[in-house]
Peer 1: 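Dropping the structure in here first, questions after.
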Amino acid sequence: AQTVTQSQPEMSVQEAETVTLSCTYDTSESNYYLFWYKQPPSRQMILVIRQEAYKQQNATENRFSVNFQKAAKSFSLKISDSQLGDTAMYFCALNSGYALNFGKGTSLLVTP
Amino acid sequence: NAGVTQTPKFRILKIGQSMTLQCAQDMNHNYMYWYRQDPGMGLKLIYYSVGAGITDKGEVPNGYNVSRSTTEDFPLRLELAAPSQTSVYFCASRPGGGAYEQYFGPGTRLTVT
């Protein structure tokens, strides 16, 4: 069975600082995709970043980057220069067959 | 493009009532999904569809039904609502091929009392 684990239910960071959110997963597939989604208070699910397992290079999207450790089955999200608008729930997800398997989420609070 | 749209945004149901949550997408995506999100939890898959006329159960299908008569629409039917179905419901879609990222609707908050 494929599982996604986010071990940090809540985190906080000061504006302009850097924060890292952790995610571990388990899968028997050799090729797969990992995602980070953001869910602000508006409830909308927004794709932040994606990583293809066969690509060794870590994905980056502006202030967001990942540290993908395939052997360790780890997929952490780093947010640099945190902004107040980054306050949200962050979900790690792994493609599982046709659908996505989500972790329970990390609630991130960015403080002034 | 409107993307993925869902109606209604909020709904309160009494126990035993039925309703249909509407979902539509205008991106010509083959795959469509229904998830539910309970407080403090991630999203759990209820049903999905790989194309018009084809649907399949996800992790938590009990108490729900779906149909997919067109590429654009994927309604979710709740029969005999129960308090355990109080949740936020998300519809999502994605194109075929290797693009696994899904595009989500704004969600429907449903309360069953």
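Each chain gets a letter, A, B and so on, in the order its sequence line appears, and its residues count up from 1.
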Peer 1: Near A/Lys104 NZ, under 6.0 Å, is it more than 12 heavy atoms from other residues, nucleotides or ligands?
Peer 2: no
Peer 1: So, do B/Gln102 and A/Phe35 sit near enough that their side-chain heavy atoms are less than 4.5 Å apart?
Peer 2: no
Peer 1: Against chain A, label B/Glu59 side chain, backbone, both or neither, depending on which of its atoms sit under 4.5 Å from a heavy atom there.
Peer 2: neither
Peer 1: Indicate, with yes or no, if A/Leu84 and A/Met11 share a hydrophobic cluster defined by side-chain heavy-atom contacts under 4.5 Å among Ile, Leu, Val, Met, Phe, Trp and Tyr.
Peer 2: yes
Peer 1: Hey, does B/Met41 have a side-chain heavy atom less than 4.5 Å from the side chain of A/Phe102?
Peer 2: no
Peer 1: Above 12 or not: heavy atoms from other molecules or residues under 6.0 Å from CG of A/Asn31?
Peer 2: yes
Peer 1: Hey, which of B/Gly40, B/Ala92, B/Gly58, B/Gly105 has the most heavy atom pairs under 4.5 Å with chain A?
Peer 2: B/Gly105
Peer 1: Does B/Trp34 belong to the same Ile/Leu/Val/Met/Phe/Trp/Tyr cluster as B/Val88, with side-chain heavy atoms less than 4.5 Å apart forming each link?
Peer 2: no
Peer 1: Please state whether the side chain, the backbone, both or neither of B/Leu43 comes within less than 4.5 Å of a heavy atom of chain A.
Peer 2: both
Peer 1: When you group the ILVMFWY residues by side-chain heavy-atom contacts below 4.5 Å and let the links chain together, are B/Phe74 and B/Val50 in the same group?
Peer 2: no
Peer 1: Is there a path from B/Met19 to B/Leu76 through hydrophobic residues (I, L, V, M, F, W, Y) whose side chains come within less than 4.5 Å of each other?
Peer 2: yes
Peer 1: Please round to the nearest 0.5 Å and tell me the distance separating atom CZ of B/Arg94 and atom OH of A/Tyr98.
Peer 2: 8.5 Å
Peer 1: Within a strict 4.5 Å, meaning less than it, do heavy atoms of the A/Leu100 and B/Tyr35 side chains meet?
Peer 2: yes
Peer 1: When only pairs under 4.5 Å are counted, which of A/Gln6, A/Met89, A/Gln39 shares the most heavy-atom pairs with chain B?
Peer 2: A/Gln39
Peer 1: Same cluster for A/Leu77 and A/Phe91 if Ile/Leu/Val/Met/Phe/Trp/Tyr side chains link at under 4.5 Å?
Peer 2: no
Peer 1: Going from CG on A/Leu34 to CD on B/Glu101, what distance comes out if it is rounded to the nearest 0.5 angstrom?
Peer 2: 12.5 Å
Peer 1: More than 12 foreign heavy atoms under 6.0 Å from NZ of A/Lys78: is that the case here?
Peer 2: no
Peer 1: Checking the side chain of A/Gln44 only, and the main-chain atoms of B/Phe104 only, is there a donor and an acceptor separated by less than 3.5 Å?
Peer 2: yes
Peer 1: Go through it in stages, so that I can follow the logic: the residues are A/Arg43 and B/Phe90, the test is side chain to side chain contact (heavy atoms under 4.5 Å, CB included), and I'd like the CA-CA distance, side-chain angles, deciding distance and then a yes or no.
Peer 2: CA-CA 10 Å; A/Arg43 200 170 67 200; B/Phe90 287 96; 3.6 Å; yes
Peer 1: Quick one: what part of A/Tyr32 sits under 4.5 Å from any heavy atom of chain B, side chain, backbone, both or neither?
Peer 2: neither
